[in-house]
Amino acid sequence: ALKENVFLMVVCIELRIPLFLVGKPGSSKSLAKSVVSDAMQGDLASSDFFKRMKQAHMVSFQCSPLATPESIVKTFKQCRMFQKDKDPKKFVSVVVLDEIGLAEDSPKMPLKTLHPLLEDGVV
C-alpha cells in the first residue's frame, strides 16, 4: 500500500489534483505523507528524480468533532500564503486534512466548506 500511496500523492501534488487517501489504520497513509514531504524538496531533493519535481510544502489540519468551517478555511488561507509569490511550476503548498472522518461528527458541518475550495480553488 505504501508504494501506491506515495505514487498517487506525488502525481496529484505535481498536477495539483485533490486527493482523498482513505484506508484502515496501518495502511501507510501517514508514512506516505512523510516520505513524500521529505522527498519533494525541489532543487534541494536528495534524489535526481525528485529534483525535477515541485517542492511541496504540507500544511496539516487535524480534523475532529470540534472542527469548524472557519478553521478549515483558515488552513487553506495559510496554504495560499505559503504559495504566494512562488513559482507554481516549482513550488506547491498542500493542505493535508488528517482524520477527516472525525469532522463528519461535527454539528457545524465543516466539510461543507470543501466544496468551493476544491471545485473552484478559491478561499
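On a predicted model such as this, the values are computed, not experimentally measured, just so you know.
Taking CG of L111 as the start and CD1 of I100 as the end, the distance is 5.0 Å to the nearest 0.5 Å. Note that the OG atom of S64 and the CG atom of D105 stand 9.5 Å from one another [nearest 0.5 Å]. The line from OG1 of T75 to CD of E70 is 11.5 Å long, rounded to the nearest 0.5 Å. Note that NZ of K29 is 10.5 Å distant from NZ of K24, once rounded to the nearest 0.5 Å. Note that CG of L19 is 4.5 Å distant from SG of C12, once rounded to the nearest 0.5 Å.
Taking all atoms of both residues into account, the shortest heavy-atom contact from M9 to V36 is CB-CG2, 3.9 Å. Closest approach of A67 and P110 over heavy atoms only: O-CG, 3.6 Å.
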Which atom pairs, one a donor and one an acceptor, fall under 3.5 Å between side chains of residues 85-97 and the rest of the protein, sequence neighbours left out?
| residue | atom | partner | partner atom | Å |
| --- | --- | --- | --- | --- |
| K86 | NZ | F82 | O | 3.0 |
| D87 | OD1 | K89 | N | 2.9 |
| S93 | OG | C79 | O | 3.1 |

Tabulate below the donor-acceptor pairs under 3.5 Å that side-chain atoms of residues 48-62 make, not counting sequence neighbours, or state none.
| residue | atom | partner | partner atom | Å |
| --- | --- | --- | --- | --- |
| K54 | NZ | E14 | O | 2.3 |
| S60 | OG | K33 | NZ | 3.3 |

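A side-chain donor-acceptor contact under 3.5 Å links E4 to the backbone of A1. Using modelled atom types, no side-chain atom of S106 and backbone atom of A103 make a donor-acceptor pair closer than 3.5 Å. In terms of modelled atom types and a separation under 3.5 Å, the side chain of S28 and the main chain of L31 share no donor-acceptor contact.
Note on L102: it does not cluster hydrophobically with L21, by side-chain heavy-atom contacts below 4.5 Å among ILVMFWY residues. A single hydrophobic cluster is seen to contain both L2 and V10, as judged by linkage of ILVMFWY side chains at heavy-atom distances under 4.5 Å, directly or through other members.
Side chains of L118 and F20 form a contact here, defined as non-hydrogen atoms less than 4.5 Å apart.
If you check the side chains of S37 and S34, you find no donor sitting under 3.5 Å from an acceptor.
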